[in-house]
Asker: 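Before anything else, here's the structure in question.
All figures in this text were calculated on a predicted structure; none of them were measured in a lab.
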Amino acid sequence: MKALILDLRNNQGGILSAAFYVADAFISEGTIVSTRGREPRFNEDYKATSETLCDPQMPLVVLINEYSASASEIVAGAVKDTNRGILIGAKTYGKGVVQKRYPLEAVGAMSLTISTYFTPNGTSIEQTGITPHIAIAPHKTDELELTMQGIAEKRNAVENFVTKWIVDEMKRTGETPKDFTLLQAELPELNEMLAKDGILVSKRWLKLRAEQLFNLNVGIEKVVNLEYDTQLQEAIRVIKAGEFEKYLTQHDKPPILTDEIVPPVKLPQAAGE
């Protein structure tokens with residue numbers, strides 16, 4: 001392996017220990033994450049171990065977006081602050097609180113926010129989020145297009161067209177088709193059918209959705225679609241162009257985190273861990 005792209009987009013997090021172990025696979029020294037709260041007994045520093053699972057010279061790119069939260073932000077923040085890799089995508093959600101569950105006799109339990117996550121350089125993740133080195137906005141769809149897509153989905157228009165084409169092709173050849181380009185050539189017909197019903201969708205979405213349904217029905221597993229994934233495209237471009245090092249910035253000496261009382265944090269809508 002010559003380089004690694006870690007995709008944390010839409011990753012809403014998990015437990016703190018998991019985030020630590022993932023970051024520790026790449027970082028060999030210093031603090032990965034710290035927690036600070038009103039009670040000093042909840043303050044902890046999670047230090048990296050000297051052993052790593054990944055060559056420290058290997059380029060590491062982490063993909064993030066506005067739905068990357070909590071534990072995924074810990075990993076992204078640690079990678080960024082230690083200059084171990086670069087972040088590409090959009091600013092993360094900003095969900096950086098630690099909650100502890102306390103049992104209440106004959107009632108149930110209560111989750112109480114006890115502290116806040118801090119990145120290696122002392123930045124609070126809560127309501128701040130992690131900013132990428134390279135901001136790449138995903139494709140935006142206007143409201144009218146979204147409405148039209150919703151109508152097409154509700155009527156199963158694309159799905160019915162794709163499944164019928166697959167069945168017809170299997171009858172014709174006796175085999176399950178695996179080449180989407182054959183179906184792609186028929187999409188103008190589908191586009192025309194939709195237009196006659198007043199459903200005006202973009203060719204971009206129609207091709208993307210048809211390919212998703214095609215892959216699902218013929219057993220092709222495809223996690224990402226590079227043709228439409230501009231953030232992943234940029235990650236690959238940076239690595240191949242040898243531009244990895246130029247985006248790494250040297251941070252100032254991290255501030256010393258103290259056990260001072262911090263102001264109460266606002267409880268997030270979704271409980272973190």
Asker: Side-chain donor-acceptor contacts of residues 186-199 below 3.5 Å, not counting sequence neighbours, with atom names and distances?
Answerer:
none

Asker: Report the residue from Glu159, Gln149, Glu153 that forms a side-chain hydrogen bond (donor to acceptor under 3.5 Å, both in side chains) with Arg209.
Answerer: Glu153

Asker: Distance only, no hydrogens: is a donor on one side chain within 3.5 Å (strictly under) of an acceptor on the other, for Asn215 and Glu221?
Answerer: no

Asker: Determine, stepwise, if the pair Asp168 / Lys164 fulfils salt bridge (Lys or Arg N to Asp or Glu O under 4.0 Å).
Answerer: CA-CA 6 Å; Asp168 291 344; Lys164 182 181 183 304; 2.9 Å; yes

Asker: Are there more than 12 heavy atoms of other residues, nucleotides or ligands under 6.0 Å from atom NZ of Lys178?
Answerer: yes

Asker: Answer yes or no: is there an ion pair linking Glu29 with Lys47, defined by an N-O contact shorter than 4.0 Å?
Answerer: no

Asker: Between Gln231 and Ile136 (side chain of the first, backbone of the second, donor and acceptor by atom type, cut-off under 3.5 Å), is there such a pair?
Answerer: yes

Asker: Is there a side chain to side chain contact (heavy atoms under 4.5 Å, CB included) between Leu63 and Leu6? Walk through the geometry before answering.
Answerer: CA-CA 6 Å; Leu63 299 179; Leu6 181 62; over 6 Å; no

Asker: Using a 3.5 Å distance criterion without hydrogens, assess whether the side chain of Thr181 forms a donor-acceptor pair with backbone atoms of Gln184.
Answerer: no

Asker: So Pro132 and Ile88, do their side chains get closer than 4.5 Å, heavy atoms only?
Answerer: no

Asker: Is there a donor-acceptor contact under 3.5 Å linking the side chains of Gln99 and Thr113?
Answerer: yes

Asker: Around atom OH of Tyr67, are there more than 12 heavy atoms of other residues, nucleotides or ligands at under 6.0 Å?
Answerer: no

Asker: Check the hydrophobic clustering (I, L, V, M, F, W, Y; side-chain heavy atoms under 4.5 Å; chains of links allowed) and say if Ile134 and Phe244 are grouped together.
Answerer: yes

Asker: List the atom of Lys207, the atom of Tyr228, and the distance in Å for their closest heavy-atom pair.
Answerer: CD-OH, 3.2 Å

Asker: Please check if atom CD in Gln12 has more than 12 non-hydrogen atoms from other residues, nucleotides or ligands closer than 6.0 Å.
Answerer: no

Asker: Can you check side chain to side chain contact (heavy atoms under 4.5 Å, CB included) on Ile5 and Ile236, steps first, answer last?
Answerer: CA-CA 8 Å; Ile5 299 173; Ile236 294 173; 3.9 Å; yes

Asker: Is there a path of hydrophobic side-chain contacts, each under 4.5 Å between heavy atoms of I/L/V/M/F/W/Y residues, joining Val224 to Ile220?
Answerer: no

Asker: Cluster question for you: counting only ILVMFWY and a side-chain heavy-atom cut-off of under 4.5 Å, with indirect links fine, are Leu53 and Val61 together?
Answerer: no

Asker: Which residue, Thr119, Thr131, Val75, forms the side-chain contact (heavy atoms from CB on, under 4.5 Å) with Lys80?
Answerer: Thr131

Asker: Do the charged groups of Asp55 and Lys2 touch, with an N to O distance under 4.0 Å?
Answerer: no

Asker: Quick one, Met170 with Val167, criterion side chain to side chain contact (heavy atoms under 4.5 Å, CB included). Give me CA distance, side-chain angles, the key distance, then yes/no.
Answerer: CA-CA 5 Å; Met170 290 177 66; Val167 170; 5.6 Å; no

Asker: Examine Val158 and Leu182 and state if one hydrophobic cluster contains both, with Ile, Leu, Val, Met, Phe, Trp and Tyr joined whenever side-chain heavy atoms are less than 4.5 Å apart.
Answerer: yes

Asker: Step by step, would you call Ile74 with Phe20 a side chain to side chain contact (heavy atoms under 4.5 Å, CB included)?
Answerer: CA-CA 8 Å; Ile74 291 175; Phe20 168 78; over 6 Å; no

Asker: Crowded around Lys240 NZ? As in, over 12 foreign heavy atoms under 6.0 Å?
Answerer: no

Asker: Compare every heavy atom of Met1 with every heavy atom of Met58, then report the nearest pair and how far apart it is.
Answerer: CE-O, 3.2 Å

Asker: Strictly by modelled atom types, are Ser111 and Arg101 linked by a side-chain donor-acceptor pair under 3.5 Å?
Answerer: yes

Asker: Do side-chain atoms of Ser72 reach the backbone of Arg9 as a donor and acceptor pair under 3.5 angstrom?
Answerer: no

Asker: Using the rule that two of Ile, Leu, Val, Met, Phe, Trp, Tyr join whenever any of their side-chain heavy atoms come within less than 4.5 Å, decide whether Val33 and Ile114 are in one cluster.
Answerer: yes

Asker: For the residue pair Ser68 and Asn11, confirm or rule out a side-chain donor-acceptor distance under 3.5 Å.
Answerer: no

Asker: Between the side chains of Arg36 and Glu44, is the shortest nitrogen-to-carboxylate-oxygen separation below 4.0 Å, so that they form an ion pair?
Answerer: no

Asker: For residues 21-28, run the donor-acceptor check on the side chains, cut-off 3.5 Å, and write out each pair with its distance to 0.1 Å, sequence neighbours left out.
Answerer:
from  : atom 1 : to    : atom 2 : distance (Å)
Asp24 : OD1    : Thr49 : N      : 2.7
Asp24 : OD1    : Thr49 : OG1    : 3.2
Asp24 : OD2    : Thr49 : OG1    : 2.6

